[in-house]
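For reference, the structure is listed below as structure tokens.
Residue numbering restarts at 1 for every chain, and letters A, B, ... go by the order of the sequence lines.
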Amino acid sequence: MEKTKVLIGLASCGIAAGANKVYNELKALQEADKLDIELKKTGCIGMCYREPLVEVIDETGSYLYGEINEERAVEIFDKHLKQNIPVTDYIVKSDLFEAKDDSFWDGQVKIALRNCGVIDPENIDEYEGQGGYKALKRILDDKVSQEDVIQTVLDSGIRGRGGGGFPTGLKWRFAYKNEAETKYIICNADEGDPGAFMDRSLLEGDPHAVIEGLAIGAYAIGASEGVIYCRAEYPLAIKRLNIAIDQAKEKGFLGNDIMGVKGFNLNLYVKEGAGAFVCGEETALMASIEGERGMPRKRPPFPAEAGLWGKPSNINNVETFANIPYVLLNGAESFAKYGTEKSKGTKVFALTGKINHGGSVEVPMGVSIKDIIFKLGGGITDGKKFKAVQLGGPSGGCIPEYLADTIVDYDSVNATGAIMGSGGMVVMDETTCMVDIARFFLDFTKKESCGKCTFCRIGTKRMLEILTRITEGDGKEGDIEKLEELAYQIKDNTLCGLGQTAPNPVLTTIKYFRNEYEAHIIDKKCPAKNCKKLLTYTVDTEKCTGCTVCAKNCPTDAIDGARKEVHTIRQDACIQCGMCYSKCKFDAILLS
Amino acid sequence: MRVKRILQEKEAAEQASVDLTLIDPLIEKYKSKKGNLIPILQGTQDVYGYLPEESFIKISELTGLKLSEMYGVATFYTQFRLNPVGKHIIKVCHGTACHVQNATVISEAVEDALGIKDGETTEDRMFTLESVACLGCCSLAPVMMIGDDTYGKLSGNRAVKIVKEIKIKESN
């Protein structure tokens with residue numbers, strides 16, 4: 001009989017939700033009782049909305065428990081682990097019966113995330129136990145040629161998962177064809193999109209998959225030097241990567257003469273980013289590795305000819321690399337059988353925002369956005385109305401409700417004006433103001449513009465000024481046209497992807513929500529009741545208890561009323577700061 | 001002009017207490033490596049919590065890196081700070097998911113409670129408040145991070161309570 005396994009999801013969001021406490025509690029109980037079970041730390045299971053998660057796998061099957069705190073951990077320990085009675089109240093998924101959150105898993109196909117939440121990411125043996133490093137071994141044992149490896153990647157149809165969507169095999173071929181003594185292979189783990197955490201999940205949950213992907217890539221293009229450029233905001237990912245690299249070196253999957261193959265060397269290390277969104281752009285990333293300001297460089301020459309330190313370099317995203325071992329081990333067809341004609345395989349999405357089931361999901365390309373949001377995502381929080389979904393972060397756009405049948409593949413998403421991006425999917429409901437969202441993204445790109453191209457440096461600032469004044473009620477007629485003109489100038493006159501796509505959030509919101517812009521500018525109203533300066537605050541005479549809290553907190557003394565009597569707001573003195581609304585404990589301040 | 005003079009004196013007093021020998025091993029380690037500028041600055045910031053002016057001069061003298069390049073890099077990346085920070089750095093996430101879940105309220109509540117604005121440090125050097133782009137815990141939005149601890153599903157009141165608890169711990 002196999003030992004009962006207990007897995008605790010200890011990725012960043014699990015830890016933030018208190019999973020470490022749950023782990024420590026279970027560990028202490030196990031030691032006190034000397035219970036013969038295997039307690040295991042694992043990565044992101046994906047159901048972030050039910051964190052902390054604990055999975056029990058006993059001889060009968062698997063039981064996933066959600067929202068576990070220390071008390072509940074004690075209960076699970078006493079009942080399930082000691083007496084074999086599962087605690088049904090907390091079970092969110094099981095392979096034995098239907099559970100309340102089964103819809104979250106419907107239609108998911110895990111390729112990139114195959115080991116996340118299954119193995120202990122800090123233990124190379126567990127990765128190998130799942131077939132890890134087999135692809136690399138097979139390539140080297142069977143002496144598969146570099147061309148054949150590249151051909152398999154090409155046949156799988158995999159395209160860059162960082163957002164660009166360039167065929168990975170083609171990229172490898174360019175780097176392979178450029179001969180040089182030293183070549184570089186780089187993993188872009190500078191996941192800077194606000195609202196996206198797919199790469200973090202992968203790096204924290206299955207770092208060896210990325211490393212094996214890098215090793216296979218290095219073999220294919222003939223690189224001997226490797227860099228993983230990871231953002232410093234992901235300390236746990238960096239820690240686990242470094243552990244994984246040391247383990248892989250010890251086992252001979254990295255270093256010199258890999259797996260005994262003379263001359264196949266890969267010297268891989270992690271380079272910490274220093275916080276600059278533009279470094280997600282490949283030439284800027286290389287400048288940053290070289291110790292410079294992360295400013296994009298002119299292309300050509302392309303990185304495949306002269307990249308890092310002037311040598312041929314190939315750069316792929318985390319998710320792309322994580323797919324590679326699977327493709328090489330199972331054949332191109334195993335990957336290409338999923339997806340649409342031009343977008344093969346699966347894609348990981350980070351579902352966030354006003355959605356019931358926030359988390360990370362992996363679905364085949366070609367699934368509709370609606371299915372992702374309403375089936376897997378469980379619909380909109382608090383039963384509110386779905387308004388739009390933002391794809392691709394600051395480079396992407398907002399897809400409105402009526403286009404929710406759009407399927408996820410590179411070309412269909414591009415056709416809406418958004419981009420597939422790296423996989424962030426932020427869901428918005430009727431209370432989200434689309435002008436404010438556009439302003440939010442422009443504020444981001446303005447701050448993150450590296451300053452090299454005038455149109456990006458100054459254009460984003462001018463656009464932000466216009467958007468800010470619209471949200472503050474000072475919008476003028478003609479502002480929308482001005483925004484559009486600036487947007488096209490920025491698109492046409494900037495060097496890198498960041499600049500060229502910076503206006504997308506504005507263009508898509510104007511395209512699909514022009515009426516909201518007009519309501520702000522002409523009627524001076526915010527339909528989503530989000531822009532403070534455009535709201536009128538009044539007191540609900542039924543609910544007001546006369547507690548005086550609002551009057552005490554009003555910075556302009558615009559609220560009158562004696563204790564225990566209904567208060568009133570003098571509109572001429574009100575500056576719409578929203579203080580009364582946030583301080584009122586009785587919901588007695590009305591917005592209109 | 002008066003304001004400036006006081007500031008300079010204050011800075012001079014602060015920097016007099018900086019022990020520059022602390023970064024000797026770091027400089028030794030990276031001295032001759034290519035692309036060493038960012039790791040050296042990161043290491044220096046790990047030691048002092050910020051990049052003191054003297055450390056620039058010392059690094060430049062010992063490694064040959066140009067002061068102008070160092071300053072250019074230090075001001076380009078958001079990670080680097082040129083001023084001392086508080087003991088606890090409060091990072092309020094303003095990523096997209098947190099933004100749509102009203103992260104502004106969190107920042108405002110903490111600003112109110114500590115009497116400082118975004119990017120500032122309290123007078124007792126206990127807290128520094130920063131807003132950051134994305135902490136990657138989007139499903140727990142709105143989120144803030146203090147030291148290595150992340151707090152999710154916040155409200156203004158809860159955020160203030162967490163900060164006050166740290167304050168009480170520190171005063172004991």
A/Ser582 portion near chain B, given a 4.5 angstrom heavy-atom threshold: neither
With a 4.0 Å cut-off on N to O distance, would you call A/Lys311 and A/Glu225 a salt bridge? no
B/Thr122 (side chain) donor-acceptor with B/Phe127 (main chain) under 3.5 angstrom: yes
Who wins among A/Ser360, A/Gly358, A/Gly294 for the most heavy-atom pairs under 4.5 Å with chain B? A/Gly294
Which region of A/Ile437, side chain (C-beta onward) or backbone (N, CA, C, O), has a non-hydrogen atom less than 4.5 Å from a non-hydrogen atom of chain B, or is it both or neither? side chain
Is chain A contacted by the side chain of B/Gln42, its backbone, both, or neither, given a heavy-atom distance below 4.5 Å? side chain
Tell me whether the count of non-hydrogen atoms from other residues, nucleotides or ligands lying under 6.0 Å of CD in B/Glu165 goes above 12. yes
Can you tell me which portion of A/Glu191 sits under 4.5 Å from chain B's heavy atoms? Options are side chain, backbone, both or neither. neither
Using a cut-off of under 4.5 Å for heavy-atom pairs, which of A/Glu233, A/Met428, A/His357, A/Arg231 has the most such pairs with chain B? A/Arg231
Counting heavy-atom pairs under 4.5 angstrom with chain B, the leader among A/Cys279, A/Gly195, A/Ala274, A/Ala276 is A/Ala274
May I ask you to check whether B/Ser131 and B/Asp118 show a side-chain donor-acceptor distance below 3.5 Å? yes
Does a donor on one side chain and an acceptor on the other come within less than 3.5 Å for A/Tyr234 and A/Asp199? no
Looking only at side-chain N and O atoms, does A/Ser288 offer a donor or acceptor that is under 3.5 Å from a partner on A/Tyr229? yes
Quick one: what part of B/Lys91 sits under 4.5 Å from any heavy atom of chain A, side chain, backbone, both or neither? neither
Turns out that what part of A/Arg200 lies under 4.5 Å from chain B's heavy atoms comes down to side chain
Quick one: which of B/Gly152, B/Ala141, B/Gly72 has the most heavy-atom pairs under 4.5 Å with chain A, could you say? B/Gly72
Considering only heavy atoms, which portion of A/Ala11 lies under 4.5 Å from any heavy atom of chain B: side chain, backbone, both, or neither? neither
I'd like to know if B/Asp24 pairs up with B/Lys58 as an ion pair, taking the criterion as any Lys NZ or Arg NE/NH1/NH2 lying under 4.0 Å from an Asp or Glu carboxylate oxygen. yes
Chain B contact via A/Phe444 - which portion, at a heavy-atom distance below 4.5 Å: side chain
Okay, B/Ala133 and chain A: the region with an atom under 4.5 Å from a heavy atom over there is both
Tell me, side chain or backbone of A/Met579 under 4.5 Å from chain B's heavy atoms, or both, or neither? side chain
Give, as side chain, backbone, both or neither, the part of B/Leu135 having an atom under 4.5 angstrom from any heavy atom of chain A. backbone
Can you say whether A/Asn20 sits under 4.5 Å from chain B via the side chain, the backbone, both, or neither, judging by heavy atoms? neither
What part of A/Phe277 gets within 4.5 angstrom of chain B, counting heavy atoms only: side chain, backbone, both, or neither? neither
Do A/Glu204 and A/Ser12 meet the criterion of a side-chain donor-acceptor pair at a distance under 3.5 Å? yes
List the atom of B/Ile40, the atom of B/Ile59, and the distance in Å for their closest heavy-atom pair. CG2-CD1, 3.6 Å
Student check: side-chain heavy atoms of A/Lys354 and A/Thr431 closer than 4.5 Å: yes
Got a sec: does the CZ of B/Phe56 have more than 12 other heavy atoms crowding it under 6.0 Å? yes
Side chains of B/Ile162 and B/Met144: closer than 4.5 Å at any heavy-atom pair? yes
At a heavy-atom separation under 4.5 Å, does A/Lys271 approach chain B through its side chain, its backbone, both, or neither? side chain
For each of B/Leu37, B/Val73, B/Leu41, tally heavy-atom pairs with chain A at distances under 4.5 Å, and name the one with the top tally. B/Val73
